[in-house]
Amino acid sequence: MALILKTDIERGDSWYRAFRTLMPELELREWDQPGNPEDIEYALIWAPPRGALRRFPNLRAIFSIGAGIDHLASDPDLPPGVPVVRMVEPGLTAGMSEFVVMSVLYHHRFMIEYAQQQRAHVWREIEQIPARRRRVGIMGLGVLGGDAADKLCGFGFDVAGWSRSAKTRPGVTSFHGPGGLVPFLNRTDILVCLLPLTAQTEDILNAETLAALPRGAAVISVGRGRQVVEEDLLAALDSDHLSGATLDVFRTEPLPPDSPFWDHPKVVVTPHIASMTIAETAAEAVVENIRRIEAGQPPLHVVDLARGY
Ligand code: NDP
Ligand code: OXD
């Protein structure tokens with residue numbers, strides 16, 4: 001039983017260590033040295049070249065190293081009938097909630113304004129707003145958005161979520177579907193975008209939807225860069241409709257050196273690190289699924305490629 005691994009070199013060793021402990025009978029093969037392609041039954045990958053997975057005729061499951069599967073869904077030549085499994089693992093979830101909580105608190109506590117004041121050597125207090133009066137809205141109330149919502153509720157924020165289907169999550173006001181979007185945006189002071197990239201969510205943060213946010217709102221973009229129309233976001237920041245933005249994902253990554261976001265006084269830029277899959281805990285999730293498949297059960301967290309997530 002062999003698994004082909006395509007990851008960055010730095011993280012390769014931790015995957016090897018984790019699988020050796022959890023499932024010593026699983027043979028790991030490197031992407032560039034697959035050996036006999038017929039041996040490969042599982043693939044654990046990030047962004048394979050288009051059509052490349054077709055060379056493994058006995059593939060039983062494709063595991064995405066990340067929660068997002070847009071790097072796979074964009075390949076029209078995936079092997080037909082092989083389930084694609086997204087990454088759901090506690091390390092990735094915890095990391096995202098840390099990043100979202102940190103960023104919400106940053107905007108809530110006026111750190112964009114205080115960073116500007118520091119650069120201008122200005123000592124000025126801004127009146128604090130209690131968390132219960134700050135309306136946080138999370139687009140995408142799935143595994144990651146749901147956990148982040150729970151953590152934000154713990155700070156006392158007024159939290160809402162927007163998803164495709166209605167949710168009943170204690171403490172979180174649910175909006176759903178296209179009809180729920182504008183009412184959701186109208187009540188959101190700090191917006192977190194944690195949607196998967198699909199045909200429906202591409203360009204979803206644009207001039208019209210940003211205008212539906214109250215004046216002074218902040219945007220935290222941690223889903224995918226193509227969900228944001230960057231010129232529209234810049235215009236909303238420059239007109240002071242938005243007070244600030246934390247941007248972790250971009251239309252072009254790495255962010256080009258001449259992007260206006262780098263030096264924008266109201267923007268925090270991070271290099272797509274809001275959360276990372278942790279090999280140690282993620283290998284447990286992959287091994288659990290391999291054991292399920294070997295026992296004739298369907299794997300957990302299979303994505304619907306037609307739906308896009
Ligand atoms: P899930 O599949 O668990 O959740 C997706 C959520 O988005 C669901 O609530 C779903 O609604 C909602 N959704 C999808 N399409 C629509 C739509 N058209 N309208 C309204 N809501 C919609 O995904 P995860 O929470 O695991 O991951 C979310 C995304 O986060 C990933 O796809 C990835 O792009 C991004 N990510 C970014 C990282 C980073 O470092 N920046 C790290 C990890 C992930 P419903 O519940 O009704 O199906
Ligand atoms: C993911 C990511 O999808 O890191 O997991 O972006």
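Keep in mind it's a predicted model, so treat the numbers as computed, not measured. Both counts, for ligands and for their atoms, begin at 1 and track the order of listing.
- Geometric assessment of R307 against the ring of Y309 yields a positive cation-pi assignment under the 6.0 Å and 45° thresholds.
- Shortest contact from atom 25 (O) of ligand 1 to any protein heavy atom: L144 N, 2.9 Å.
- Of the protein's non-hydrogen atoms, the one nearest atom 22 (C) of ligand 1 is L195 CD2, 3.5 Å.
- Using a 4.0 Å cut-off between heavy atoms, K167 contacts ligand 1 through its side chain alone, with no backbone atom that close.
- The closest protein non-hydrogen atom to atom 37 (C) of ligand 1 is V222 O, 3.0 Å.
- The shortest N or O to N or O distance between D248 and ligand 1 is below 3.5 Å.
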Mind running ring-ring contact (aromatic ring centres under 6.0 Å, His included) on W46 and H71 for me, showing each step along the way?
CA-CA 7 Å; W46 184 258; H71 63 110; 4.1 Å; yes
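- Residue S275 places a heavy atom under 4.0 Å from ligand 1.
- For L194, heavy-atom contacts with ligand 1 shorter than 4.0 Å involve the backbone as well as the side chain.
- At a heavy-atom cutoff of 4.0 Å, ligand 1 is contacted by the side chain of R86 but not by its backbone.
- Applying the ring pair (Phe, Tyr, Trp, His ring centres under 6.0 Å) test to pairs two or more places apart or on separate chains, those with a residue in residues 103-136 are H108-F157.
- Considering M276, R224, R226 only, the shortest heavy-atom separation from atom 36 (N) of ligand 1 involves R224.
- Distance from atom 48 (O) of ligand 1 to its nearest protein heavy atom, with residue and atom name: Y309 OH, 2.5 Å.
- Side-chain contact of D248 with T270: a donor-acceptor pair under 3.5 Å is present, judged by distance alone.
- Residues with a heavy atom under 4.0 Å from ligand 2: W46, G66, A67, G68, R224, H272, S275.
- Of the protein's non-hydrogen atoms, P196 CD, 3.3 Å is the one closest to atom 7 (O) of ligand 1.
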Evaluate the criterion side-chain contact (heavy atoms from CB on, under 4.5 Å) for residue pair L247 and V267; output intermediate values, then yes/no.
CA-CA 7 Å; L247 308 176; V267 173; 3.8 Å; yes
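- Scanning all protein heavy atoms for the shortest distance to atom 38 (C) of ligand 1 gives M96 CE, 3.4 Å.
- The closest protein non-hydrogen atom to atom 18 (N) of ligand 1 is Q200 CB, 3.6 Å.
- Looking only at protein heavy atoms, the nearest one to atom 21 (N) of ligand 1 is R164 N, 3.0 Å.
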